Each structure stands twice: as structure tokens, then as C-alpha cells.
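As the structure is a prediction and not an experimental result, all values here were calculated from the model.
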2 protein chains.
Amino acid sequence: MRNAVTLKDVARETGVHVSTVSRALGPNAHNTLTEQVITRVRDAAARMGYVPNRLASGLRTNRTMTVGMMIPDITNPVFPPMVRGVESVLEPLGYASIIVNTDNLVEREHRLADILRERGVDGIIHAAVLRHDPRIDAIVAQGTPVVTANCSLASPDIPAVVSDDAHGIHLMLHYMYNLGHRAITHIAGPEELSSGQIRRKAFIDAAEGLGLHLPDGAIARTDRFDEAAGHRAAQHLVQAGPPFTAILCASDRLALGAIDYLRSRGIDCPAQVSVSGFNDIPMLDLIPPRLTTVRIQPFEVGRVSAQLLLQIMTDKTAACPRETVLPVSLVVRDSVTVAPDRPVSTA
Amino acid sequence: MRNAVTLKDVARETGVHVSTVSRALGPNAHNTLTEQVITRVRDAAARMGYVPNRLASGLRTNRTMTVGMMIPDITNPVFPPMVRGVESVLEPLGYASIIVNTDNLVEREHRLADILRERGVDGIIHAAVLRHDPRIDAIVAQGTPVVTANCSLASPDIPAVVSDDAHGIHLMLHYMYNLGHRAITHIAGPEELSSGQIRRKAFIDAAEGLGLHLPDGAIARTDRFDEAAGHRAAQHLVQAGPPFTAILCASDRLALGAIDYLRSRGIDCPAQVSVSGFNDIPMLDLIPPRLTTVRIQPFEVGRVSAQLLLQIMTDKTAACPRETVLPVSLVVRDSVTVAPDRPVSTA
DNA sequence: TACCATTACGCAATCGTTTTCGAAAGCGTT
DNA sequence: AACGCTTTCGAAAACGATTGCGTAATGGTA
């Protein structure tokens with residue numbers, strides 16, 4: 001922004017008024033200007049290396065051509081593809097994305113939301129919503145379009161793009177059931193995240209649908225979707241839970257942690273205990289036992305979210321689907337196999 | 001930005017002039033305003049939910065409190081920690097980061113550089129520089145502070161924060177040598193990336209230092225740092241290269257691809273061929289054979305880059321180190337072991 | 001009381017664009 | 001030739017914040 005060439009410079013160069021330059025450079029210049037002037041201005045602008053100042057134009061028009069993305073942690077392999085998915089539709093249109101990591105911390109989320117507001121983002125893709133989130137409601141009320149990706153809010157009215165979590169759990173549980181498993185436990189994700197809660201509920205529903213009895217302690221809850229939490233949860237299941245032959249985990253990383261714990265106890269996966277994941281993060285097919293999991297489509301989630309957001313941003317009145325759910329698929333690998341004769345138990 | 005409350009609103013509410021409000025909210029209000037006014041204004045601002053409009057202030061001051069990060073691909077596990085490292089220093093100060101993925105495509109890089117310029121970013125952290133990059137020179141010339149992370153430019157004068165690639169290669173080659181390897185090949189990264197070039201040169205230097213003879217075809221070049229490229233390169237080495245007992249790869253993903261190819265050919269790693277990586281991306285310790293690699297510190301690279309950038313942004317005259325190199329360390333795992341009696345060869 | 005220095009605040013220009021409004025010119029019609 | 005319509009462009013007012021400058025008010029001093 002040091003020696004930036006402005007409209008005024010181009011105007012002086014071409015001998016027309018700055019408003020004329022502005023129009024000439026705009027998309028529908030042909031409605032209002034003569035062909036000759038348009039080319040003259042555009043040539044000069046190109047030659048002089050003019051690049052528009054989005055600060056100024058944003059100030060005037062209330063459109064910054066910038067969107068915000070709130071995600072829990074870019075370090076989590078689920079999110080980079082989502083980011084690319086968003087980018088794939090927004091970047092060709094000239095949008096820039098400000099990416100912030102909330103770490104699922106409410107205070108951080110507030111600060112970061114302000115950082116986005118200050119910059120007047122045209123919209124927000126929120127992949128880190130807690131299920132109850134007054135701050136987001138406030139942002140929406142303020143008029144900024146928001147769509148949630150990979151998560152959905154408890155409060156309605158704001159579009160969500162999610163994977164078919166319930167169906168994924170359903171697929172996996174039935175798969176286990178068909179392999180003879182009857183004592184199946186669940187390592188659930190954080191309850192304040194919709195994915196954690198929905199997957200847990202889906203597990204209960206699917207179990208009920210199969211007529212499976214879920215004894216007390218069959219579900220271990222965690223506060224994070226990471227390996228350490230999975231490790232602890234598995235420990236809890238083995239030491240304090242009912243006997244079981246399989247663990248259906250709410251995420252791949254939880255599953256990795258669980259398998260790690262089992263191994264440390266000399267319990268073999270899948271020979272003694274089957275373990276499944278969710279998400280299908282990269283490189284899982286290289287890690288033994290190759291994890292049987294549910295594949296979601298993070299890139300697609302991002303792409304569709306962006307398209308929806310775009311739609312709302314360009315036409316706020318446009319009705320748009322409250323919830324878009326994307327299909328998931330079962331990825332059969334090695335970590336889930338036929339049920340052994342006797343379950344692992346506390347003894 | 002719909003119903004945003006502005007300085008004017010706060011001014012009307014408190015009965016003072018908007019310039020007074022501006023000053024009252026600024027950092028050194030106490031130099032110029034009475035305590036009473038300051039608190040009255042600040043209270044009102046807080047109560048009314050005032051949030052400053054960075055577009056307006058940026059327009060006026062030429063500081064947007066926004067930085068740009070150019071990376072090749074956020075999907076590559078090396079970069080997310082780097083992003084977090086940058087964030088760790090910039091975010092607490094109120095900066096936002098616009099992240100763009102260049103995919104190492106020159107055309108994309110140009111467009112994305114413009115996207116950043118349009119928004120008047122205060123500085124750019126560039127982790128995707130090609131070694132020769134006129135566009136970046138132009139940006140620097142225009143007055144925007146730039147520091148390169150993980151890469152360095154052929155042209156000098158712009159600060160770079162890099163890992164000690166040469167030393168990492170040196171460590172690894174010596175480690176292999178001490179395990180008895182004499183026929184060692186190298187899968188190199190893209191030559192237009194500094195990390196690719198530097199690591200290849202370091203390999204040659206270190207080999208020379210050890211008195212190792214490098215026959216023709218001992219170095220396979222690739223055009224990308226990914227598994228597919230590693231796969232192809234390994235194929236090339238096996239089919240057309242000299243006999244060898246070890247492959248020193250310029251990145252973990254190249255190594256993964258190479259091992260995959262070897263396995264497909266029934267060649268065991270590490271029993272028949274040792275393979276090493278570089279970077280130490282996450283989860284490598286879960287994938288057999290557990291990859292012996294060189295650990296770099298991407299978070300630190302990001303952190304230091306951001307600190308440097310900050311320094312230049314706040315005081316453009318400040319001299320700052322042309323090149324900061326961060327230490328690396330050897331991570332010994334399973335994929336490199338003592339040399340077998342006879343090397344793998346074309347026959 | 002008059003005067004000067006200081007304090008505390010208001011005034012207004014400015015950053016680069018967009019956009020409404022109006023004016024001038026061109027053209028056809030009667 | 002007078003009139004009205006369209007086309008093509010300039011003038012100027014915003015958008016919201018910052019800041020140099022001016023000026024009341026204040027306090028202290030002679």
C-alpha cells in the first residue's frame with residue numbers, strides 16, 4: 001500500500017474524472033460509458049499496475065470480498081480439506097478467507113469473532129460451533145450471513161452443512177452386528193459439539209433398533225476429539241465398563257488412542273477387540289491395524305458450505321436449506337473383524 | 001456491518017465530538033484527555049457494543065492489522081503447525097491472517113498475491129516461494145514487509161526463517177553411513193523450491209565429505225513433495241539407477257511413497273533397503289516401518305517468522321537477520337537399519 | 001485584572017471508492 | 001426551430017476513522 005496507484009492517478013493519466021474511471025473498471029461499464037473511454041481507461045489502469053483498494057471500496061459498499069472461517073484447530077486433519085473446499089468456490093470469485101482457530105474455547109471464539117467483525121467479513125463459515133452459542137446468534141442478528149459446516153447449532157434458522165453422522169454410525173453398528181458383535185461400546189466425543197452429541201445419540205438409537213442392550217458404562221464420553229482422550233476413554237471402558245468385543249469410536253483419532261491403550265494392555269485389535277473410527281483422515285490405510293471407519297467428505301462439506309454462503313451473501317432473501325446433509329460411506333479395513341468367543345472384561 | 005455502532009454513535013451518546021471518542025478509545029488517551037471523559041466514553045462504547053471498523057481505520061492509517069500467509073497447500077501436514085505458530089504471536093496482538101494456498105502454481109501465486117495486496121495486508125509470511133520469484137520482489141519493492149518461512153529466495157535482502165536442512169541431511173547420511181551403508185541414493189524434492197534444492201546439495205556435499213561415490217542416477221528428482229512422486233522416484237531408482245542399500249528422501253511423504261513402491265515390488269524396508277524421511281510429520285510413529293526421519297520444528301518456524309515480520313512491520317528500519325536457521329534433530333525409528341550384505345539392484 | 005502557558009477538546013481534511021444527481025451534448029421528431 | 005429524450009460524463013457526498021491545527025477554558029503569575 002505504499003506507492004499504490006489509485007483511481008485518481010488513473011484519472012489524471014487518462015484525462016477523465018475519477019468517477020469515470022471507477023465506472024470503466026466496473027463490471028457493467030458498457031451500460032454507461034463509451035467503448036473508447038473504457039478501453040483507454042482499462043489500458044491505462046493495466047499499464048500503471050492499478051489494483052483496487054478493497055478497504056476503500058469495502059468502506060463504501062459494505063462488501064469486503066472477504067469471508068471468515070472459524071475452525072477448532074487447523075492441525076486436525078479433518079479441516080484442511082474443508083478449507084480447500086471452501087477456497088475452491090470462493091477464491092475464483094476473488095474472495096479471501098481469514099482463518100481462525102478457536103480451540104473450542106469460548107473466550108477465544110469471542111475474541112476471534114470480533115476480529116472478523118472488525119474486518120467486516122461478508123460472511124462466516126463456522127466449523128467450530130458449540131451447540132449453544134449466543135455469540136453466533138448475535139452475529140447473525142447483526143446481519144452477517146453465517147453457515148455452519150460440520151456442525152449445527154441447537155438454535156435453528158442458520159443453515160448447516162453436515163455429514164450424515166447418524167447414518168454413518170448406523171452403518172458401522174450394523175456392520176459390527178453382522179460380524180457377530182453384541183457387546184459393543186462407544187467412545188463419544190464432546191457433548192457440546194453437535195458431532196459428538198449426534199453420533200452418541202445415533203449410537204443409542206441404532207443399538208436400540210438392533211435390540212442391543214446397552215449396559216451402564218457402555219458409553220465413555222470425552223472432552224476432546226484426540227488420541228489422548230481416546231486413550232483415557234478406552235482405559236475407562238476396560239477398567240470400569242461392561243465386557244465388550246468392540247468399540248465404536250466417534251472419531252479416528254479417538255480410535256487411534258483407544259487402540260494404543262489396548263495394545264499397552266496386551267489386548268489385540270482386532271483379534272480380541274474390534275475398533276472403528278469416523279472421518280477417515282489421511283494415512284489411516286498405512287497404520288496397522290488399518291482402521292475400519294466411516295468416510296466423510298470434508299472437501300465437499302467445505303465446498304457446499306461456501307456455495308450456500310455465497311447464495312446468502314449475494315441475495316439475503318434467498319431461501320436456503322436449513323440443513324444439507326452429505327452422504328457418508330463405510331470404509332472396511334482391518335480393525336473390525338468377526339467377534340471373538342469371549343469379550344474383554346474387567347477381569 | 002449492518003447495524004454497526006460507529007464512533008459517531010458513541011459521540012452522540014456521550015455528547016462529545018467523534019474525534020474525542022477516537023482519542024478516548026486509543027492507547028494513549030491519557031496524554032490528551034481528562035480521566036472523566038475517557039471513562040465516560042469507554043463505558044458508553046462498551047455498553048453500546050462498539051467495535052472499530054478496521055476498513056475505515058486502515059484506509060486512514062495504512063495499517064490493516066492483517067497479514068497474509070502464502071503456503072503451498074494447507075493439506076500438507078507440515079503447514080498447519082506453522083500456521084498455528086504464526087497465529088500464536090500475531091493473534092494476541094489483534095492481527096488476523098489471510099491464508100492462501102498456491103499449490104506451487106505461479107499463476108495462482110500471482111492472483112493470490114494480488115488478493116493480499118488489494119486488502120492492504122501489513123505483511124506477508126511466504127512459505128511457498130519459488131527460488132526465483134519476481135512477483136515477490138515487486139511486493140517487497142512496493143513496501144510490504146515479507147519474510148519467507150521454510151524457504152528462502154535466491155535473491156537476498158528478504159529475511160528467511162528456515163530449518164537447518166543441510167545439517168539434517170548431514171546427520172541422516174552419517175547415521176546411514178555408520179550403519180554400514182555405502183550405496184545410498186537420494187530422492188530429491190522440486191528443484192525450484194529451496195528446500196528441495198538445498199537438501200539435494202547437502203546430500204551431495206555430505207556424501208563427498210564421507211568419500212562416498214555417487215554414481216550416475218543415484219539422485220532421483222521429483223516435481224512434488226508427495227507420495228505419488230516418491231513412488232515414481234523409487235521406481236525409477238530401482239529400475240534405472242545404480243544398486244543401493246538405502247534411500248535418503250527429501251521428505252516424509254516421498255519416503256512413504258518410496259516404501260510403498262518397494263513393498264509392491266516385494267522389497268522389504270528396512271531389511272533390504274533402508275529409507276529415511278524428512279520433516280517428521282504427525283503419526284509417522286504409527287506407520288510401520290516406523291519412519292526414521294529428521295525432525296523440524298514447523299511451529300517454531302511459524303513463530304519466529306511472525307516475530308521477525310512483526311519487527312519489520314513496526315519498525316521498517318530495524319535491521320533483522322537475513323537468515324534465521326532453526327535446529328533439527330535426528331529421529332531414530334525403524335526404517336533405517338544396518339546395511340544388508342548385498343544391495344538391491346536392477347537385476 | 002491582564003497575560004501567558006497549558007490543558008482539553010472541537011473542527012475539518014483526508015484516506016480511495018462508489019453512486020446519486022445533474023448537466024451538457026447529441027439526436028430525432030414535429 | 002423548439003422540444004424532449006437518451007447517452008455520456010463530471011461533481012460531490014458519503015462510508016468510518018485518524019490527526020494536525022485551532023481555540024476555548026483553565027490555572028498560575030505578575
Indicate every side-chain donor-acceptor pair of residues 104-114 of chain B with a distance under 3.5 Å to a residue at least two apart or in another chain.
unit_1	atom_1	unit_2	atom_2	d
B:Arg108	NE	B:Asn101	O	3.0
B:Arg108	NH1	A:Glu91	OE1	3.3
B:Arg108	NH2	B:Asn101	O	2.6
B:Glu109	OE2	B:His126	NE2	3.2
B:Arg111	NE	A:Glu91	OE2	3.2
B:Arg111	NH2	A:Glu91	OE1	3.2
B:Arg111	NH2	A:Glu91	OE2	2.7
B:Asp114	OD1	B:Arg135	NH2	3.4
B:Asp114	OD2	B:Arg135	NH2	3.2

Name each donor-acceptor pair under 3.5 Å that joins a side chain in residues 306-314 of chain B to protein atoms two or more places apart or in another chain, with its distance.
unit_1	atom_1	unit_2	atom_2	d
B:Thr314	OG1	B:Leu310	O	2.9
B:Thr314	OG1	B:Gln311	O	3.2

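- Salt-bridge formation is detected for the pair A:Asp103/B:Arg84: a Lys NZ or Arg NE/NH1/NH2 atom is positioned less than 4.0 Å from an Asp or Glu carboxylate oxygen.
- DNA chain C is contacted by A:Val18, A:Ser19, A:Ser22, A:Arg23 of residues 18-27 of chain A, taking any non-hydrogen atom closer than 4.0 Å.
- With 3.5 Å as the limit, one finds a donor-acceptor pair spanning the side chains of A:Thr66 and B:Arg119.
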Any protein N or O atoms within reach of nucleotides 13-15 of chain D? Criterion: under 3.5 Å, listing atom names and distances.
unit_1	atom_1	unit_2	atom_2	d
D:dC15	O2	A:Arg60	N	3.4

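- Atoms CG (B:Leu7) and C1' (C:dC11) sit 15 Å apart, rounded to a whole Å.
- If you measure from atom CD of A:Glu35 to atom P of D:dC9, you get 11 Å, rounded to the nearest angstrom.
- When side chains are defined from C-beta on, A:Thr144 does not count as touching A:Arg117, because their heavy atoms never get closer than 4.5 Å.
- Look at CE on B:Met65: it is 21 Å from P on D:dG16, rounded to the nearest Å.
- Heavy-atom neighbours of A:Asn31 CG from other residues, nucleotides or ligands within 6.0 Å: above the threshold of 12.
- Between the CD atom of B:Gln36 and the P atom of C:dT7 there is a distance of 18 Å, rounded to whole Å.
- By the side-chain contact (heavy atoms from CB on, under 4.5 Å) test, B:Thr34 is found to be paired with B:Gln36, B:Val37, residues two or more places apart in sequence or in another chain being considered.
- As rounded to whole Å, 12 Å separates atom P of D:dT8 from atom NE2 of A:His30.
- In this structure, B:Arg40 places its CZ atom 11 Å from C1' of C:dC9, rounding to the nearest Å.
- Residue A:Glu118 contributes atom CD, which lies 15 Å from atom P of D:dG16 at whole-angstrom precision.
- Of the options A:Val89, A:Val83, A:Leu90, a side chain to side chain contact (heavy atoms under 4.5 Å, CB included) to A:Val86 is made by A:Leu90 and by none of the others.
- Remark: P of D:dA25 and NE2 of B:His17 are 17 Å apart, rounded to the nearest angstrom.
- Residues meeting the salt bridge (charged side-chain N to carboxylate O under 4.0 Å, His left out) test with A:Asp43, sequence neighbours left out: none.
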